[in-house]
Amino acid sequence: MNYIGNATTYLTETVLALVLYVVILRFWMQWVRANFRNPFGQFVISATNPAVIPLRKVLPSIGSIDTATVVLALIISIGKTYVVTSLLSVSISWLSLFSYSFGELIRCSIYVFGAAIFIQILASWINSHGYNPILDIANSIAEPLMTPARKLLPPIGGLDLSPMLIFIFFKLSLILIVAPIQAIR
């Protein structure tokens with residue numbers, strides 16, 4: 001019963017996961033062309049710029065893909081996986097480390113989109129007409145998925161069930177894509 005070790009592992013994993021989520025959020029905000037001129041967007045930019053700007057000098061963008069942000073996210077994910085497995089005294093091969101970390105990027109991206117959709121749902125229940133910087137970004141991130149989902153499953157009696165369709169797709173993606181990638185040994 002190593003209480004200190006468990007607490008250290010938990011705190012380390014949590015801090016590194018939060019850093020990873022901010023970098024992934026930056027990537028998806030850039031991809032969907034979200035508004036970075038609000039306080040939340042400014043936070044994401046200022047938190048990630050110290051690492052992204054130097055990487056951009058070495059890794060230019062490929063089309064609309066900000067390779068510096070993708071590489072930074074992958075580096076953080078690999079570092080997180082390596083540190084946590086080291087704290088748990090688990091040895092892991094380089095292939096397993098890379099595949100698990102890549103799967104982690106996909107999983108975190110799914111969670112970012114899921115959180116954006118969940119924020120939209122909550123806002124529609126509370127106050128959908130007021131401005132909120134987080135809601136603005138959530139709408140920007142969620143709409144590329146919500147629009148096609150609404151075409152497949154239009155509102156029924158004024159009730160929009162398309163988020164359920166997307167959450168089912170997310171769960172299937174976690175089971176059929178992420179889990180096999182992370183299981184590569």
Side-chain angles (χ1 to χ4, degrees), residues 5-6 8-34 44 47-48 51-52 54-56 58-121 137-138 140-149 151-153 162-185:
N6 291 343
T8 303
T9 303
Y10 169 74
L11 287 174
T12 304
E13 187 172 15
T14 301
V15 168
L16 292 173
L18 290 172
V19 171
L20 180 61
Y21 276 111
V22 171
V23 174
I24 289 173
L25 188 58
R26 177 186 176 126
F27 173 77
W28 286 114
M29 287 174 64
Q30 289 173 324
W31 183 272
V32 300
R33 301 183 194 280
V44 170
T48 56
V52 171
L55 278 175
R56 278 198 184 140
V58 179
L59 301 166
S61 294
I62 300 172
S64 62
I65 298 174
D66 182 11
T67 53
T69 305
V70 172
V71 168
L72 178 62
L74 187 58
I75 290 169
I76 292 168
S77 183
I78 289 170
K80 174 183 172 275
T81 303
Y82 181 77
V83 168
V84 170
T85 56
S86 295
L87 287 172
L88 295 172
S89 300
V90 175
S91 73
I92 186 170
S93 71
W94 285 104
L95 178 62
S96 295
L97 178 68
F98 183 78
S99 65
Y100 187 86
S101 300
F102 183 71
E104 185 76 3
L105 289 180
I106 298 169
R107 186 184 63 77
C108 290
S109 292
I110 289 171
Y111 287 174
V112 164
F113 278 95
I117 292 168
F118 188 70
I119 289 168
Q120 273 189 325
I121 292 168
I137 290 172
S140 296
I141 291 173
E143 278 312 306
L145 291 177
M146 293 297 290
T147 302
K151 289 179 183 175
L152 283 173
L153 186 62
S162 58
M164 287 177 40
L165 186 67
I166 294 172
F167 285 128
I168 291 169
F169 172 74
F170 285 165
K171 185 62 177 175
L172 286 173
S173 298
L174 290 170
I175 294 168
L176 298 173
I177 297 171
V178 175
I181 289 172
Q182 289 185 321
I184 294 174
R185 300 280 175 227

Which donor-acceptor pairs under 3.5 Å do side chains of residues 163-170 form with protein atoms, sequence neighbours excluded?
none

Distance-only criterion, 3.5 Å: show the donor-acceptor pairs between side-chain atoms of residues 14-22 and protein atoms not counting sequence neighbours.
unit_1: T14; atom_1: OG1; unit_2: Y10; atom_2: O; d: 2.8

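For the side chain to side chain contact (heavy atoms under 4.5 Å, CB included) criterion with R56, the lone passing option out of V58, L59, V52 is V52.
Remark: F27 engages W31 in a ring-ring contact (aromatic ring centres under 6.0 Å, His included) (not counting sequence neighbours). Here F113 pairs with W28 under the ring-ring contact (aromatic ring centres under 6.0 Å, His included) rule; sequence neighbours left out. In terms of the side-chain hydrogen bond (donor to acceptor under 3.5 Å, both in side chains) criterion, S91 has no residue partners (sequence neighbours excluded). Legend: residues meeting side-chain hydrogen bond (donor to acceptor under 3.5 Å, both in side chains) with T69, ordered by chain and number and at least two apart, are D66. Residues passing the side chain to side chain contact (heavy atoms under 4.5 Å, CB included) test with S96, sequence neighbours excluded: I92, S93, R185. By the side-chain hydrogen bond (donor to acceptor under 3.5 Å, both in side chains) test, S162 is found to be paired with D160, residues two or more places apart in sequence or in another chain being considered. Contacts of V90 classified as side chain to side chain contact (heavy atoms under 4.5 Å, CB included), with partners at least two apart in sequence or in another chain: T85, L88. Scanning for side-chain hydrogen bond (donor to acceptor under 3.5 Å, both in side chains) contacts around S101 gives T81, with sequence neighbours left out.
Minimum interatomic distance between V83 and T12 (heavy atoms only, all atoms of both residues): CG1-CG2, 3.5 Å. The minimum heavy-atom distance linking T48 with V44 is given by the pair OG1-O, 2.7 Å. Closest non-hydrogen pair, I175 versus P180, comes out as O-CD, 3.4 Å. When all heavy atoms of I24 and C108 are compared, the closest pair comes out as CD1-CB, 3.3 Å. When all heavy atoms of A142 and Q120 are compared, the pair lying nearest together is CB-OE1, 3.3 Å.
Contact check for I137 versus I119: no side-chain heavy atoms found under the 4.5 Å cut-off.
Residue pairs meeting the salt bridge (Lys or Arg N to Asp or Glu O under 4.0 Å) criterion with at least one member in residues 171-180: none, sequence neighbours excluded. Pairs engaging residues 89-111 under the salt bridge (Lys or Arg N to Asp or Glu O under 4.0 Å) rule: K80-E104, E104-R107 [sequence neighbours left out].
When the shell of 6.0 Å around CD1 of I62 is examined, it contains 12 or fewer heavy atoms from other residues, nucleotides or ligands.
Of the possible polar contacts, one joining the S99 side chain to the I184 backbone as a donor-acceptor pair under 3.5 Å is found.
Put simply, CG on L55 and CD1 on I75 are 5.5 Å apart, with the number rounded to the nearest 0.5 Å. In this structure, CD in Q182 is found 9.0 Å from CG in L174, a value given to the nearest 0.5 Å. Atom CD1 of I181 sits about 5.5 Å away from atom CZ of F102, to the nearest 0.5 Å. Here the straight-line distance linking atom CG of L72 with atom CD1 of I76 works out to 4.0 Å at 0.5 Å rounding.
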